Amino acid sequence: MAVLTAPHPAAGASAGPGMLVERNLMIYRHTWALLVAEVFEPVLYLVSIGIGIGQLVGRVPGLGGPSGADVPYSAFVAPALLATAAMNGAMNETTFNMFSKLRTNHTYDSILATPMTVRDVAFGEVLWALLRGTLVTTGFLGVVTALGLAHSPWILLVVPGAALVGFAFAAAGLAVVTYLRSWQDFQFIQLAMLPMFLFATTFYPLGVYPRWIQVVVECLPLYQSIELIRQPALGEIGPGLLLPVVYLLLMGLIGLRIALPRMQRVLLH
């Protein structure tokens, strides 16, 4: 008589990245205040610089969609802070939090003892970082709308735009974290992130720079992220959005291409 036996879970398909996202969601149910804090930081910049200094600056000329009308300085700054929130939310997850899981808590040792693979861990963390970055941006978008700084219905495109920004920076962070040796190495990340935040047209238009500096700024991933968010937020929809979309998509794919083999070495050796 034939005996039928159920297959062992490890013999079937991999548990998949979704299981890791579910795990992180269960953990963050009890630490939701961290996400609120990430929304609060760009709100501080918006109130202090966008609205405060905006009272002195007035309006920014030539950025009001197809008509080229002037826009309030606060409406110019808000989309840039939205893009920055998406960047920080995703990047923090795949650098600071993942480094703790890799080097301090050794979280992945127990995870890899299940049917999950290193690829599942990588994609799961990127998906979670993307989700976290999008949640932070959506929360900040609510604040921007409540302050009356949403001047175009196209601002709803901020949400998928933030998801793409989150993917690009989450994948980049996944690659970067595999090179970090200690907590002191995070100074190098700040050394890259802070100048981007200050100079990637967050607070003033690209035209204030000489042309050679403009070229350098246009190559920055945060500049492309800001363009992806700022253009629809100000009512400008056109082929100009294709460049940041392609740039950020390639950035994310290259980040994954670098990160996957390095994570195999870090986690399995």
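Bear in mind that the values here come from a model prediction, so they are computed numbers and not experimental data.
Following chains of ILVMFWY side-chain contacts shorter than 4.5 Å, one can reach Ile237 starting from Leu164, so the two form part of one hydrophobic cluster. Under a hydrophobic clustering in which Ile, Leu, Val, Met, Phe, Trp and Tyr are joined whenever their side-chain heavy atoms come within less than 4.5 Å, directly or via other members, Ile53 and Val144 fall into the same cluster. Hydrophobic clustering (ILVMFWY, side-chain heavy atoms < 4.5 Å, transitive): Leu198 and Val216 are in distinct clusters. Linking ILVMFWY residues whenever their side-chain heavy atoms come closer than 4.5 Å, directly or via other members, leaves Met193 and Phe188 in distinct clusters. There is a path of hydrophobic side-chain contacts, each under 4.5 Å, that joins Val208 to Tyr73.
With contacts defined as side-chain heavy-atom distances shorter than 4.5 Å, the pair Leu130/Thr134 qualifies. When side chains are defined from C-beta on, Met98 counts as touching Met263, because their heavy atoms get closer than 4.5 Å. Side-chain contact check for Asn97 versus Asn92: every heavy-atom pair is 4.5 Å or farther apart. Here the side chains of Asn88 and Phe197 are not in contact, with every heavy-atom distance at 4.5 Å or above. Val177 is listed as a side-chain neighbour of Leu180, based on a closest heavy-atom distance under 4.5 Å. Counting heavy atoms from C-beta on, the side chains of Val118 and Leu260 never come closer than 4.5 Å. Side-chain contact check for Leu102 versus Leu267: some heavy-atom pair is nearer than 4.5 Å. Between Thr107 and Arg23, some side-chain heavy-atom pair lies under the 4.5 Å cut-off.
In this structure, Arg119 places its CZ atom where only 12 or fewer heavy-atom neighbours from other residues, nucleotides or ligands lie under 6.0 Å away. For CZ of Arg181, the number of neighbouring non-hydrogen atoms (other residues, nucleotides, ligands) closer than 6.0 Å is 12 at most.
Annotation: the span from Arg265 atom CZ to Arg262 atom CZ amounts to 5.5 Å, rounded to 0.5 Å. Rounding to the nearest 0.5 angstrom, the gap separating the OG1 atom in Thr84 from the CE atom in Met196 is 9.0 Å. Within the model, atoms CG of Leu206 and CD1 of Ile226 stand 10.5 Å from one another, a figure rounded to the nearest 0.5 Å. Here Ile189 contributes atom CD1 and Met91 contributes atom CE; the two are 5.5 Å apart, rounded to the nearest 0.5 Å. A distance of 11.5 Å separates CG in Leu82 from CG in Leu228, rounded to the nearest 0.5 Å. Note that CE of Met87 and CG of Leu222 are 4.5 Å apart. Values are rounded to the nearest 0.5 Å.
With hydrogens and angles disregarded, no donor-acceptor distance shorter than 3.5 Å links the side chain of Glu93 to the backbone of Ala170. A donor-acceptor pair is defined here as one N or O able to donate and one able to accept, closer than 3.5 Å; no such pair exists between the side chain of Arg230 and the backbone of Pro79.
Heavy-atom minimum distance, Val217 versus Phe199: CG1-O, 3.7 Å. Smallest separation of non-hydrogen atoms from Ala129 and Thr94: CB-CG2, 3.8 Å. Residues Leu241 and Pro232 approach most closely at CD2-CD, 3.9 Å, considering heavy atoms. Residue Ala162 comes nearest to Ile229 through the heavy atom pair N-CD1, 3.8 Å, listed as atom of the first residue, atom of the second, then distance. Heavy atoms only, all atoms of each residue included: Thr201 and Pro205 are closest at CG2-C, 4.2 Å. The two atoms that bring Ser74 and Leu46 nearest to each other are O-CD1, 4.1 Å, heavy atoms only.
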Name each donor-acceptor pair under 3.5 Å that joins a side chain in residues 244-259 to protein atoms two or more places apart or in another chain, with its distance.
residue	atom	partner	partner atom	Å
Tyr247	OH	Cys219	O	2.6

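Proximity of the aromatic rings of Tyr45 and Phe140 is defined here by a centroid distance below 6.0 angstrom, and this criterion is not met. Aromatic rings from Phe203 and Phe76 are positioned such that their centres are separated by 6.0 Å or more.
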Show your reasoning for whether side-chain contact (heavy atoms from CB on, under 4.5 Å) applies to Phe123 and Val21. CA-CA 9 Å; Phe123 286 131; Val21 174; over 6 Å; no
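Judged by distance alone, the side chains of Tyr108 and Glu125 do bring a donor and an acceptor atom under 3.5 Å apart.
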